[in-house]
Amino acid sequence: MTTSGRLFDTHAHLDDPRFENDLEDVIGRAREAGVERMISIGTNVGTTENAVRIAGGHEGIYASVGLHPHSAAEFSEEHAVRLTEMCSDDNVIAIGEIGLDYYKDRSPREVQRSVFRRMLEIAREVDLPVIVHNRDATDDCLAILKDFRGQIRGVAHCFSGNRAVADRFLDLDFYISFSGTVTFPKTEELAEVARIVPDDRILIETDCPYLAPQAQRGRRNEPAFVKYVAERIAVLRKIDISQAADITMRNAGELFLGKKSR
Ligand SMILES: [Zn+2]
Ligand SMILES: [Zn+2]
């Protein structure tokens with residue numbers, strides 16, 4: 001399968017140990033698949049440093065700066081200072097991933113909430129969009145985001161909710177990003193969301209190395225596979241895959257590259 005459009009994988013963990021031995025091959029295959037841009041995601045100080053380094057060495061790869069809710073318990077104000085400093089790097093285009101995860105609960109929930117707020121304050125201060133991770137924490141997540149309404153912009157990454165949840169994020173002017181989960185069978189609610197999200201609010205991602213799309217299920221996921229997400233979005237919205245590529249590329253450019261045009 002090929003796409004004539006150019007693709008933007010807005011969420012890739014390129015510094016994951018599973019890419020350690022063949023990252024350049026992985027990036028090469030992404031280019032061949034038409035993936036022109038990707039964001040390497042930070043999840044703590046160490047992975048953010050890795051993401052910034054990877055972005056610095058590759059055209060079209062950007063980095064996000066953040067502390068994942070799984071790592072919230074390790075947060076200190078020194079982290080906040082270091083993460084804020086890294087935002088001045090030219091390749092840093094977002095704060096993320098940040099948010100709440102009540103499914104795995106790897107950090108106490110009240111700590112997750114306070115760190116999420118602290119990260120949103122940093123996003124407001126440095127004026128970068130946010131990449132929000134929400135798992136089984138929709139009400140608390142939206143309540144916190146509402147406190148920042150009009151002061152931050154961002155995306156609900158790896159969206160997995162229903163139409164009502166999507167509407168609540170859209171009401172906050174958030175973008176909705178679909179991963180390989182939208183290609184899985186028996187995900188009719190998610191398919192419905194992918195059909196109705198407005199043209200100017202939809203993004204795509206892999207969240208690799210996790211969540212390989214159905215066509216590659218069981219394998220390590222990689223940015224090249226974002227084409228399967230684009231293909232599924234195109235089928236659901238009854239448009240060409242090149243159109244799906246174009247609208248998601250344009251939206252990602254507006255959200256993430258608007259301030260740093262290049
Ligand atoms: Zn996530
Ligand atoms: Zn992620």
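When reading the values below, keep in mind they use all heavy atoms of this one structure, side chains included, and skip hydrogens, waters and symmetry mates. Numbering of ligands and ligand atoms starts at 1, following listing order. What you see is a predicted model; the values in this text were computed from it and never measured.
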Basic-acidic side-chain contact under 4.0 Å: Asp16, Arg220: no

Which N, O or S atom of Asp207 lies nearest to the Zn ion (ligand 2), by name: OD1

Contact check: Cys158 to the Zn ion (ligand 1), N/O/S below 2.8 Å: no

Worked verdict on Asp105 versus Arg135 for salt bridge (charged side-chain N to carboxylate O under 4.0 Å, His left out): CA-CA 10 Å; Asp105 271 330; Arg135 194 144 184 221; over 6 Å; no

Modelled atom types, side-chain donor and acceptor of His70 and Gln112, under 3.5 Å: no

N/O/S atom of Glu97 inside 2.8 Å of the Zn ion (ligand 1), strictly under: yes

Atom name of the N, O or S atom in His133 that lies nearest to the Zn ion (ligand 1): ND1

Ring-ring centroid check Tyr210 His13, cutoff 6.0 Å: yes

2.8 Å cut-off met by an N, O or S atom of His157 to the Zn ion (ligand 1): yes

Apex the Zn ion (ligand 2) - arms NE2 from His13 and NE2 from His11 - angle rounded to 10°: 100°

Electrostatic pair Arg29-Glu32, nearest N-O below 4.0 angstrom: no

